[in-house]
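Single-structure report; data block below.
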Amino acid sequence: MKNPRLYSPLLTALLLLSLLLFLTESCIEPFSPPEINSDGNYLVVDGFFNAGGTDTSRIELRRTQHVNTTTPPVIVTGASVTVEEEAGAVHTFAETKKGLYQLPPRLYNMSGKYRIRIITENGQEYMSEYVAVNRTPEIDSLTYKVDPVQNEAVFYVNTHDAQNRTQFYRWKFDETWEYDATYYSALEKVDEQIVIRKENINKCWGRKNSGSILLGSTIRLSSDIIKNLPLNRVPVSTNKLYIKYSILVKQYGLSRPAFEYWTDLAKTTQATGSLFDPQPSQVTGNIRNISDPADLVFGYFSASTEETRRLTITPKLGSFPRCTEPDTIPLRCRGRDDNCALNTAQLLLTYWGVRADSVLVASANCTDCRTAGGTTERPSFW
């Protein structure tokens, strides 16, 4: 029995920080880890089997690329993807878009063991070892704290397993934030007429998925408790926190071999900056080409339940976006004057002048929030 006095928040933080591999933020891009000097067109399997029935199981298939390659990797389409239970049941994935294979949520045999089988269009067959289902404990809470020194909000996760059976964890998260364009475009040109704009292109929602490998372990602690582990840092300067911000955290229990795989992979990404960049070293998992051992496969097949928790905040941090002052141009063209409302490439804000014979205009990046990568579709949970 370990000395309970050694179990303190400081010790916990040190141990967890030493195990947490928190890499730089990045957008989701194709995961393509090749050997540094190899041009081998190896299969990459990214995803896991959600045995808990809470969400769709997703498997993405791609090919590796040389570390110096800048072109997108090849997406593997037309493959047969199935998950097989050791007791004999077979569950078939459907390709919902190129390279993405999905299996609808349902309750599966939690005491069973599962493996993945992949047959590509050229007849190559790949298969993993059988793995047991890892039961993931619930997320106790998500919290955040503003760091005034770094001028950022830090988001933390708390969880525990009273039975001390999990010990190895992985997290992913999805960010959503509301933002406005600087100016409101109330008018638009339709069929050579200036009319009231029907769609509001001033308010948008941005979305981003985590691209880092986020891991934690309590193997060296006397209790299976994750306390105030930092998952995400949002700089105030991004203005994500100015109106409303929401983070959805997804938690997975891992087996020790799966945790070791992700740990090794995270170490290689430190040299490239992101999980989804081309990798400088070979990190393979538990999937093999059953007829050609020399044909490497990258990825680790896991079966797990998924636990999620959302935190939505309105901290009002940041500043309203600034832009150049609007211009005033004539409503109607006069002679050869093309700089008028009917011909301008700028967006129309509102009528202007005593007799409304002119309009205010501004560039799209000052007026159309979609130019910043967001969408005008309001999230269902907002």
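Throughout, residue positions are numbered sequentially from 1 according to the sequence presented.
Atoms CZ and CZ, from Arg165 and Arg135 in turn, are 6.0 Å apart once rounded to the nearest 0.5 Å. The distance from the NE2 atom of His160 to the CG atom of Asp224 is 9.0 Å, given to the nearest 0.5 Å. With rounding to the nearest 0.5 angstrom, the OG atom of Ser212 is 6.5 Å from the CZ atom of Phe173.
Hydrophobic clustering, with ILVMFWY side chains joined whenever heavy atoms are under 4.5 angstrom apart, groups Leu61 together with Val297. Hydrophobic clustering places Leu215 together with Tyr300 (ILVMFWY residues linked when any side-chain heavy atoms are closer than 4.5 Å, directly or through intermediates).
Proximity of Asp174 to Arg207: side-chain heavy atoms (C-beta onward) are nowhere separated by under 4.5 Å. The shortest side-chain heavy-atom distance between Asn239 and Tyr179 does not fall under the 4.5 Å cut-off. Residues Glu152 and Val154 have side chains in contact (heavy-atom distance under 4.5 Å, counting atoms from C-beta outward). Residues Lys145 and Asn228 fail the side-chain proximity criterion, which asks for heavy atoms closer than 4.5 Å.
Other cluster members for Phe381: Trp205, Trp382, joined by side-chain heavy-atom distances under 4.5 Å among Ile, Leu, Val, Met, Phe, Trp and Tyr.
Glu175 and Tyr245 share a donor-acceptor pair across their side chains, judged by distance under 3.5 Å alone. Defined by atom type and a distance below 3.5 Å, a donor-acceptor pair is present between the side-chain atoms of Gln124 and Asn289. Residues Asp180 and Tyr242 have side chains that never bring a donor and an acceptor to within less than 3.5 angstrom of each other.
Proximity of the aromatic rings of Tyr126 and Phe301 is defined here by a centroid distance below 6.0 angstrom, and this criterion is not met. Within the 6.0 Å centre-distance limit, the rings of Phe259 and Phe168 are counted as a close aromatic pair.
Residue Phe155 forms a side-chain contact (heavy atoms from CB on, under 4.5 Å) with just one option from Thr143, Val249, Ile313, and that option is Ile313. For the side-chain hydrogen bond (donor to acceptor under 3.5 Å, both in side chains) criterion with Tyr252, the lone passing option out of Arg170, Glu307, Glu306 is Glu306.
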Could you go through the side-chain hydrogen bond (donor to acceptor under 3.5 Å, both in side chains) check for Asn286 and Tyr261 one step at a time? CA-CA 9 Å; Asn286 62 347; Tyr261 165 80; over 6 Å; no
Applying side-chain hydrogen bond (donor to acceptor under 3.5 Å, both in side chains), run through Thr328 and Ser358 and close with a yes or a no. CA-CA 7 Å; Thr328 303; Ser358 60; 5.6 Å; no
Please lay out, stage by stage, how Val359 and Trp352 fare under the test side chain to side chain contact (heavy atoms under 4.5 Å, CB included). CA-CA 5 Å; Val359 292; Trp352 189 253; 5.7 Å; no
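Across Gln193 and Leu342, no two heavy atoms sit closer than the pair N-CD2, 4.3 Å. Nearest heavy-atom pair across Ile287 and Ser128 is CG1-CB, 3.9 Å.
A salt bridge is absent between Glu60 and Arg58: the closest approach of a Lys/Arg side-chain nitrogen to an acidic carboxylate oxygen does not fall below 4.0 angstrom.
A donor-acceptor pair under 3.5 Å is absent between the side-chain atoms of Ser141 and the main chain of Asn158, judged by distance alone. Listed for the Ser223 side chain is no donor-acceptor partner under 3.5 Å among the backbone atoms of Ile225. Using a distance-only test at 3.5 Å, with no hydrogens or angles considered, a donor-acceptor pair links the side chain of Thr64 to the main chain of Tyr42.
Heavy-atom neighbours of Lys203 NZ from other residues, nucleotides or ligands within 6.0 Å: above the threshold of 12.
Taking the six-membered ring for Trp and thresholds of 30 and 60 degrees, His91 and Tyr114 have ring planes inclined between 30 and 60 degrees apart.
Pairs passing the disulfide (SG to SG under 2.5 Å) check and including a residue from residues 146-258, sequence neighbours excluded, read Cys204-Cys369.
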